[in-house]
Amino acid sequence: MLLSLRAEVEDALATALAALDLPSDDLGIETPPEDVPAVLASSVAYRLASEAGAPPPEIAANIVEAIDAADYEYIGALRQQGPYVNVLPSDRYLEATVEAAQDEAFGTLPDRETSVVVEHTSANPTGPVHVGRARNPIIGDALARVLEYAGYDVERHYYVNDAGRQIAVFTWAYETFDESDLPEPDRDSPEYEMVRYYRKGNTYLEEAADDAVEDAEAEIQAILQGLEDGDEETYERVSEVVDTVLSGMTATLERLPAEFDEFVKETRFMRDGTTDDVVDRLQDLEAAVYEEDAWQLDLPEIEKNLVFLRADDTSLYTTRDLAHHEWKFDNFDRAVTVLGEDHKLQAEQLVATLDLLDHDTEQLEQVFYSWVNLPEGGMSTREGTGVDLDDLLDEAIDRAREEVEDRLDDRLRDDHLEADDIERIAHQVGIGAVRYDIVAKQPTKGITFEWDRALDFEAQSAPYVQYVHARCCGILGEAASAGHEVPGEVDIDALETDAARDLVREIARFPAVIEEAADDLRPHVVATYTRDLAEAFNTFYRECPVLTADDPETRAARLAVVAGSRNAVANALDALGVAAPDSM
RNA sequence: GGGCACGUAGCUCAGUCCGGAUAGAGCGUCGGACUUCUAAUCCGACGGUCGUGGGUUCGAAUCCCACCGUGCCCGCCA
């Protein structure tokens, strides 16, 4: 609804400025501070002061004078306040918001008929998912959800690096070492069992005698060469390792939840010939140079050359990724990739090269996040340092369960939580808190992982917002039992309190927040919004009794606001990928 | 050495892209509110050279430059 109001304000300001013979290229529309009773404001008067040769307040007054709010549906009134033009919404704006929010899909924007592939996580299939990379699936999945709400047709892809040296080492180690020489796995799950071979193999390569290492290296090279040559038997040996590890990693990611429509393997682009095709075209580019026996690209604006074909004629990760991205461009209108900041240079090279190959690189957008570190340093699968995501989630659920049980005794309400309910709430709150903590922050900021902070259920966390949803459900449930129906539309006069109207204004913002998050690829703004919405709801909750309202009209109107709040909170949490519990 | 990111209250962060009204939250500390639709809530107090210095502007946390601090990157690895 805010989107409609903003469109009206743009039209009104542009019309007024034209009538005053002033330029209207910058309307200066902004959100006023909290204590100003307006929904939108314009500081355009400042910008035009010198042009118009008049002080800003005078210009603002003239603008207000030139606009008749009656011409618009959602603009209630315009007020000049100092140099600002403030926009007060009409009653119709509030009524229309409550009506729109009755839709369970509230916040879903019209279909854009645009397909987007969101590639995220894409962690090498070498072992358990650890917390260091947990930011990727959480941001990526939230991004995919936000884009879906914004009307895009979204597919989620995991790009599987199944062709590199690490995987060759892994395959060799898996075929070479005997399970009896390995430590017990940390968990009864395929990736925990498999990573033992990988670690053992890496240790061996570092510590074994030179000739033994040489033999091992020869076997590893043979695997790499087999993949390069498209040898089917080698491919199957590698696939067994990759698929097994990946199945375990996928199961962990599903807990977040983060699910994928497709796992796209790097070897696919070696096997179908497209990587060779890319190499051919790259060699024909003016920027291509043959130096030190290898084919390289001298990319504009980037100091370092990009090697795309080794001296031994084999391709590199980036070469295959070029073929991968050409495939994406062929099949999707837009491509979004979530990457760790350590991939920034490579990502720049990728874009620059795609540009040289005459692709429209506007189609590709990359979102970077900084690594999660432990207080004592980084996390590594190979070295086995770090915190496994499974452990973090288990611990979060355990702490949430304790929390639920502690609160059972204090509950005023004697509705019975069964054991199933406790378990459900512990999962929703525990995992929600971890996820929210990560998705609510700007991805570029560094995070140091600390147990207590990651698992704080108070603070500005998921449970605060989830609790609002539970409260809404509680009221709606009681209302239903008492036979009170939620009206599809409301008479705004029945919502006389500031608390109720402020809440409705907050609900009205939701579609605009989705649009902003999708346009800027910043899902964290949705998290910021959920806090504002939750705060407005809690004020309403305290000041406006619903079931025991003074008269049936007020009760009905408030009930509609609660139902709208529920939909807004539920969908905002859903867009973030955080569960919305019906009770807590 | 070069490139990129980050630096806002004791702590964790919004706000920065797109300059605009007295810089906002939470945690912590202190003090209050449960016979009232769930107190995982609410109300109040305390707490700020927006890293430092310059510049642009009517106006700078926001834009530009320099510097300081921290992180990441600078493989014929992925």
Side-chain angles (χ1 to χ4, degrees), chain A residues 26 28-30 32-36 41-43 45-47 49-50 55-56 81-84 86 122 124 126 161 163-167 266 291-296 302-305 307-312 314 316-318 320-321 340-346 348 368 370-371 373 378 400 403-404 406-407 410-413 415 425 429 437 440-442 444-447 450 453 456-468 470-479 482 520 522 524-525 527-528 531-532 534-535 538-539 541-549 558 562 583-584:
Chain A
D26 180 1
I29 295 175
E30 58 196 60
E34 230 172 281
D35 52 341
V36 175
S42 169
S43 60
Y46 277 119
R47 296 149 211 261
S50 59
Q81 188 171 347
Y84 296 94
N86 287 332
S122 302
N124 292 340
T126 50
N161 304 157
R165 182 185 151 80
Q166 291 181 75
I167 296 303
E266 199 177 335
E291 282 175 11
E292 295 175 35
D293 296 333
W295 279 94
Q296 321 191 1
I302 298 177
E303 209 176 323
K304 218 182 80 60
N305 276 7
V307 175
F308 64 89
L309 195 64
R310 292 190 183 97
D312 64 4
T314 59
L316 290 91
Y317 172 83
T318 312
R320 293 168 226 134
D321 205 23
E341 62 176 349
D342 50 333
H343 285 66
K344 243 180 175 168
L345 176 62
Q346 183 213 322
E348 274 174 38
F368 294 97
S370 81
W371 212 240
N373 284 313
E403 205 63 39
V404 177
D406 282 355
R407 286 167 204 273
D410 306 338
R411 280 171 84 89
L412 286 175
R413 203 165 167 228
D415 64 342
I425 295 166
V429 168
D437 184 56
K441 288 172 185 156
Q442 282 189 54
T444 45
K445 302 221 176 188
I447 294 182
E450 284 163 49
R453 209 164 62 221
D456 184 355
F457 297 142
E458 291 180 6
Q460 293 172 330
S461 66
Y464 176 75
V465 180
Q466 291 174 316
Y467 190 57
V468 166
R471 277 181 155 176
C472 288
C473 290
I475 294 172
L476 293 170
E478 298 273 339
D520 299 345
R522 287 157 30 112
H524 82 271
V525 302
T528 306
R531 283 201 285 267
D532 294 340
E535 203 175 299
N538 282 326
T539 303
Y541 181 87
R542 176 172 41 92
E543 292 182 10
C544 304
V546 178
L547 300 172
T548 56
R558 288 179 179 174
V562 172
S583 64
M584 281 172 74

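Chain letters run A, B, ... following the sequence lines, proteins first, then strands; residues in each count from 1.
- Minimum heavy-atom separation, A/V546 to A/V562: CG2-CG2, 3.9 Å.
- Using a 4.0 Å heavy-atom distance criterion, A/S370 is classed as making no nucleic acid contact.
- At a threshold of 4.0 angstrom between heavy atoms, the contacts of A/V429 include nucleobase atoms, whether or not backbone atoms are also involved.
- A/R531 contributes no side-chain N or O that forms a donor-acceptor pair with the base of B/G26 under 3.5 Å.
- In this structure, B/A60 makes no Watson-Crick or G-U wobble pair, since no nucleotide meets both defining distances under 3.5 angstrom.
- Aromatic ring centroids of A/Y46 and A/Y84 lie under 6.0 Å apart.
- When heavy atoms are screened at a 4.0 angstrom cut-off, A/H524 is found touching the sugar-phosphate backbone but no base atom.
- The base of B/A5 has none of its N or O atoms less than 3.5 Å from a complementary donor or acceptor on the side chain of A/E341.
- Remark: ring of A/Y46 does not overlap the six-membered base ring of B/G59 in a stacked fashion, as centroids less than 5.5 Å apart with planes less than 30° apart are not both met.
- Nucleotide B/C27 forms a pair with B/G10, judged by Watson-Crick or G-U wobble geometry with both contacts under 3.5 Å.
- For A/M584, counting side-chain heavy atoms from C-beta on, the closest listed nucleotide (B/U16, B/A40, B/G75) is B/A40.
- No engagement by A/A479 is indicated, since no non-hydrogen atom pair under 4.0 Å with the nucleic acid exists.
- For the P atom pair drawn from B/U8 and B/G75, the interatomic distance equals 32 Å after rounding to whole Å.
- Following rounding to the nearest Å, A/R471 (CZ) and B/C42 (C1') show an atom-to-atom distance of 8 Å.
- Base pairing annotation: B/C42 forms a Watson-Crick or G-U wobble pair with B/G32, both donor-acceptor distances under 3.5 Å.
- Nucleic acid contact class of A/Y541 (heavy atoms, under 4.0 Å, all strands): base.
- Within 4.0 Å of A/C544, counting heavy atoms only, lies at least one base atom of the nucleic acid.
- Residue-level contact check: A/D312 touches neither bases nor backbone, having no heavy atom under 4.0 Å from any strand.
- When distances run from any side-chain atom of A/I475 to the nucleotides B/U8, B/C37, B/A5, the shortest one goes to B/C37.
- Rounding to whole angstrom units, CG of residue A/L345 and P of B/A5 are separated by 13 Å.
- Atom P of B/G31 sits at a distance of 32 Å from the matching atom of B/C50, rounded to the whole Å.
- A donor N or O paired with an acceptor N or O is found under 3.5 Å between the base of B/A21 and the side-chain atoms of A/N86.
- Rounded to whole Å, the separation between the C1' atoms of B/A39 and B/A33 comes to 9 Å.
- Following rounding to the nearest Å, A/R542 (CZ) and B/U41 (P) show an atom-to-atom distance of 14 Å.
- Within the nucleic acid shown, A/S43 comes within 4.0 Å of at least one base atom, counting heavy atoms only.
- At the heavy-atom level, A/N373 lies nowhere under 4.0 Å from the strands shown.
- Computed from coordinates, the A/N538 CG to B/C42 C1' distance equals 8 Å when rounded to whole Å.
- Among the heavy atoms of the strands lying under 4.0 Å from A/I425 is at least one base atom, whether or not backbone atoms are also near.
- For the pair A/E403 and A/R407, the salt-bridge criterion is met [side-chain N within less than 4.0 Å of a carboxylate O].
- Counting non-hydrogen atoms under 4.0 angstrom, A/R558 reaches nothing in the nucleic acid.
- A gap of 7 Å separates the C1' atoms of B/U56 and B/C64, to the nearest Å.
- Taking the ring axis of A/Y541 as reference, the NZ or CZ atom of A/R471 stays within 45° of it and closer than 6.0 Å to the ring centre.
- The nucleotide B/G71 finds its pairing partner in B/C4, both defining distances of the Watson-Crick or G-U wobble pair being shorter than 3.5 Å.
- When the P atom is used for both B/G20 and B/G59, the distance is 15 Å, rounded to whole Å.
- Map A/V546 and A/A294 each onto its nearest nucleotide of RNA chain B; the residue landing nearer the 5' end is A/V546.
- Atoms CD (A/Q460) and P (B/U12) sit 14 Å apart, rounded to a whole Å.
- At a threshold of 4.0 angstrom between heavy atoms, the contacts of A/V404 include nucleobase atoms, whether or not backbone atoms are also involved.
- Here the nucleotide nearest the side chain of A/K344, chosen from B/A21, B/C13, B/A5, is B/A5.
- Between B/C30 and B/U35, the distance separating the two C1' atoms is 29 Å to the nearest Å.
- Here, B/C63 and B/G15 have their C1' atoms 16 Å apart, quoted to the whole Å.
- Using a 4.0 Å heavy-atom cutoff across all strands shown, A/P83 reaches no nucleic acid atom at all.
- Pairing of B/A66, defined by two Watson-Crick or G-U wobble distances under 3.5 Å, is identified with B/U52.
- To the nearest angstrom, C1' of B/A25 lies 10 Å from CD of A/E34.
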